[in-house]
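A short write-up of the structure that comes next.
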Amino acid sequence: MINPVLTPDYVFDIALNVWVRAEYGGISYSDGKEVEERIAGIINNAEDLTTLSAELASHCTDWPTTYHLSRKRANLLRPFEDQLRGKSVLEIGAGCGAITRYLGETGMEVLALEGSLSRASIAASRCRDLANVKVVAEAFDHFKPLSQFDVVTFIGVLEYARKFFPGNGVDPVDAMLAMAKSLLVPGGKLIIAIENQLGLKYFAGFPEDHTGKPMFGIEEHYSKDGVVTFGRKELGRRVNRTGLSAQQWWYPFPDYKLPSLMVSEAGALPQDDIDLIVVVRSACITDPQTPQSISFNQGRAWPTVIRNSLLGEMANSFVLLASDASFSQQCPPLAVHYAADRLPEFAKKVVFKRATDGTVIAHQIALYPSAKPNGNSRLKQRLVDQPFVKGELWQDRLLEIMTSPDWTAEQIHEWMKVWFDAFCSLAGITDRRNITDRRVSGNYLDAIPRNMLIDRSGAPIFIDQEWTLVDDLSIGHLSFRALLASFSSIGTVAKPRDNAQLRVLPLITHVMHCVNIDLNEWRMKNYLQLEAQLDRLATGKQTYTGEALVTWLASLELRMFDTQTPVHEKLARRDEQLAAVNQALAQRDKQLAMVRQDLARREEQLGDILGSTSWRITRPLRAIKSALAVIGKHVNREG
């Protein structure tokens, strides 16, 4: 039956599995034919299409597959799940259906609009088992539904208004916003997710997302018919002009594409009893779009930004909820951190919220409480609410060390010793002789530096002890786990005193030796194998096994960035390199042209010969010569 929202112009295309007008040809937006065919094949052949599908997550091998299939995509809208459930939603620019899938799973009535025919078909395939989702292939400016919606979304769409939406005399951005407003019921919500033109990472030298050029947005190189992004105040003013004056802002980290942290307006303000620097830093380190060359480390810059009340202005992306009616007076949380890149039974959120007495509590909540873990699993999870403790995360001290030029392994040894002393005190270990293979309770599995704070009095406190192991584990393994997790989470580092220290395995071996723990090859293989098993149990992903694990660790190096060279010099150097490449290509093209000219000349000469009178006259003689040559070979063989 035709959806009552659609006019009779739309018919269901069985081949594409979407609603479409007969004459519609699609818009020219694509990730490339090869990429979209690959993603279509993955989704069409998948058995588990859900938001947290481990099957789909296993195909995240590059940026396009990660963007379209990652389990993190849905985190963008999870803070608003209770507000959205049961509502009607128009999703503009559904892409390949990652957000569409999540909206459908919340129980919303979803009409997903996608301008590209191929991408609309992929989105429909991703939602093929959800009866409450309809996908329409249509350009937004031509869409004329029969009814309005409770929610309209622009997730990574508004920035393309000038390319794909006619302005008819006004800025297409404003025209697109006005049309979205006209499709909302009174009191409905417009949800916009978009990059911040003035995001901190773009000052650090990250390329502008749509053009791939550093400083492109900051220097305002946008054109009247190209992509465009905005700062917070400008975007707010544009939305306000449509009549959507009630606005609620959220700040996703590392940005809106693959967020693990959502910070509210209240959480963006500096407060005496809570410090979100720790979680902001952690989220930004995981940004898969980090370029090879940056001008400064975000992790070191965010504390200054936050202390000066600029988090909202310099967040890398925005999520804006806008309405013509005021929002509920219910106070939103300060922030929500999501661990969704896991199996459903282990996926969780940590909600930072003020209790009635004014204290901040970190509430640990299962995302899918009905999903029960395997009772026979070696890995167990415990979710416990706890007061927010303000202090220095010991992992962040390592960040400060390794992002300071000329850092040394000895500094990391001193850092490691503080954690090791704290752990031994926690576990009641006094005799540290022959400690490598000594066994301790699996309850200490998460007692590693990323979960250790130094409070205001200077005392170490272990927090967020989420994971436990049914078996005992060795202190050698726990120390190896502590260092591997710490170095894996560090992102980029400054130039060390000795470049050999960039190799992770020798660095781990050296630092463990400094606390009297011996890491030989046999132990290292066992530790790696157990870590891979634990990762599979938590995430469902198939990781390296056997010798491939050892090869991976042996080749692992820390990424070094250069803070000494100014951005303009780096850009000039890059331009010089590109100019050299272009010159080499031009020289190659010139040589190829000369070769082609020579071949053409030779072909012309050969044609002249073959067409000559002498060539025709001597043809019988050439035939006789060939026959005599064959007879001669035969005589030689017989002889």
Side-chain angles (χ1 to χ4, degrees), residues 75-80 83 154-156 158-159 173 177 189-204 206 208-209 217-218 220 228-241 244-285 287 296 298-323 326-338 351-354 360 388 390:
N75 294 342
L76 186 74
L77 298 181
R78 288 189 187 278
F80 326 120
Q83 302 178 48
F154 285 147
I155 310 298
L158 186 64
E159 53 266 48
V173 175
L177 288 170
K189 294 182 177 69
L190 173 64
I191 301 179
I192 300 172
I194 188 171
E195 298 89 351
N196 178 7
Q197 182 182 9
L198 301 174
L200 183 67
K201 76 176 187 178
Y202 302 115
F203 283 99
F206 279 60
E208 203 275 348
D209 293 75
I218 291 171
E220 195 69 41
V228 62
T229 61
F230 307 99
R232 183 184 185 279
K233 286 186 171 58
E234 184 178 1
L235 178 60
R237 285 194 299 267
R238 285 177 177 266
V239 174
N240 186 62
R241 285 200 298 264
L244 301 174
S245 56
Q247 299 181 3
Q248 189 180 94
W249 293 80
W250 286 75
Y251 309 105
F253 291 94
D255 60 25
Y256 83 85
K257 293 181 284 294
L258 299 174
S260 58
L261 175 68
M262 297 287 290
V263 179
S264 70
E265 290 181 85
L269 300 175
Q271 297 163 68
D272 291 336
D273 59 343
I274 181 170
D275 186 348
L276 293 177
I277 290 171
V278 168
V279 284
V280 170
R281 272 178 164 174
S282 175
C284 289
I285 286 171
D287 191 340
F296 61 81
Q298 282 187 83
R300 297 201 65 143
W302 278 117
T304 306
V305 170
I306 293 173
R307 282 199 309 270
N308 287 278
S309 303
L310 290 173
L311 183 144
E313 304 300 328
M314 302 193 72
N316 296 322
S317 290
F318 307 124
V319 177
L320 170 59
L321 279 68
S323 178
S326 60
F327 286 89
S328 166
Q329 295 301 310
Q330 184 178 5
C331 184
L334 300 172
V336 189
H337 182 270
Y338 293 97
V351 181
F352 300 96
K353 195 168 186 178
R354 288 200 181 277
V360 178
F388 186 90
K390 190 170 183 178

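Predicted model only: the values in this text are computed from it and were never measured.
The distance from the CZ atom of Arg238 to the CD atom of Glu234 is 5.0 Å, given to the nearest 0.5 Å. Atom CH2 of Trp249 and atom CG of Leu321 lie 10.5 Å apart (nearest 0.5 Å). Interatomic distance, CD1 of Ile191 versus CD of Gln83, reported as 7.5 Å (0.5 Å rounding). Taking CZ from Phe352 and NE2 from His337, the interatomic distance works out to 7.5 Å, rounded to the nearest 0.5 Å. With rounding to the nearest 0.5 angstrom, the CD1 atom of Ile306 is 4.5 Å from the CD1 atom of Ile277.
The minimum heavy-atom distance linking Ala315 with Phe253 is given by the pair CB-CZ, 4.0 Å. Heavy atoms only, all atoms of each residue included: Trp302 and Cys284 are closest at NE1-SG, 3.3 Å. Listed here is the closest heavy atom pair of Thr229 and Glu208: CG2-OE2, 4.2 Å. When all heavy atoms are compared, the tightest approach of Pro79 to Leu76 is CD-O, 3.8 Å. Between Arg300 and Pro303, the closest heavy-atom pair is O-CD, 3.5 Å. Pairing each heavy atom of Ser326 with each of Ala246, the nearest pair is CA-CB, 4.0 Å.
Considering only heavy atoms from C-beta on, Gln248 stays 4.5 Å or farther from Ser323 through its side chain. Proximity of Tyr251 to Pro259: side-chain heavy atoms (C-beta onward) are nowhere separated by under 4.5 Å. Residues Phe327 and Pro332 form no side-chain contact, since every pair of their non-hydrogen atoms from C-beta on lies 4.5 Å or further apart. Side-chain contact between Leu276 and Leu261 is absent, with no heavy atoms from C-beta onward closer than 4.5 Å. Contact annotation: the side chain of Phe203 approaches that of Leu198 to within less than 4.5 Å [non-hydrogen atoms, C-beta and beyond]. Between Phe296 and Leu200, some side-chain heavy-atom pair lies under the 4.5 Å cut-off. For the pair Leu158/Leu235, a side-chain contact is recorded, criterion being any heavy-atom separation below 4.5 Å from C-beta on.
Partner of Phe230 under the side-chain contact (heavy atoms from CB on, under 4.5 Å) criterion, chosen from Val239, Ile194, Asn196: Ile194.
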(request) Give the C-alpha distance, both sets of side-chain angles, the deciding distance and a yes or no for side chain to side chain contact (heavy atoms under 4.5 Å, CB included) between Leu177 and Ile192. (result) CA-CA 10 Å; Leu177 288 170; Ile192 300 172; 3.8 Å; yes
message: If you apply the rule side chain to side chain contact (heavy atoms under 4.5 Å, CB included), what do you find for Leu334 with Phe388, and how did you get there?
response: CA-CA 12 Å; Leu334 300 172; Phe388 186 90; over 6 Å; no
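For Asn75 and Arg78, the side-chain atoms include at least one donor-acceptor pair closer than 3.5 Å. Side-chain N/O atoms of Gln298 and Asn316 include a donor and acceptor closer than 3.5 Å.
Pairs engaging residues 255-271 under the salt bridge (charged side-chain N to carboxylate O under 4.0 Å, His left out) rule: Glu195-Lys257, Lys201-Asp255, Asp209-Lys257, Arg232-Glu265, Asp255-Lys257 [sequence neighbours left out].
Without hydrogens or angle criteria, Gln247 side chain to Gly236 main chain gives a donor-acceptor distance under 3.5 Å. Between the side chain of Ser264 and the backbone N or O of Pro333 there is at least one donor-acceptor pair closer than 3.5 Å.
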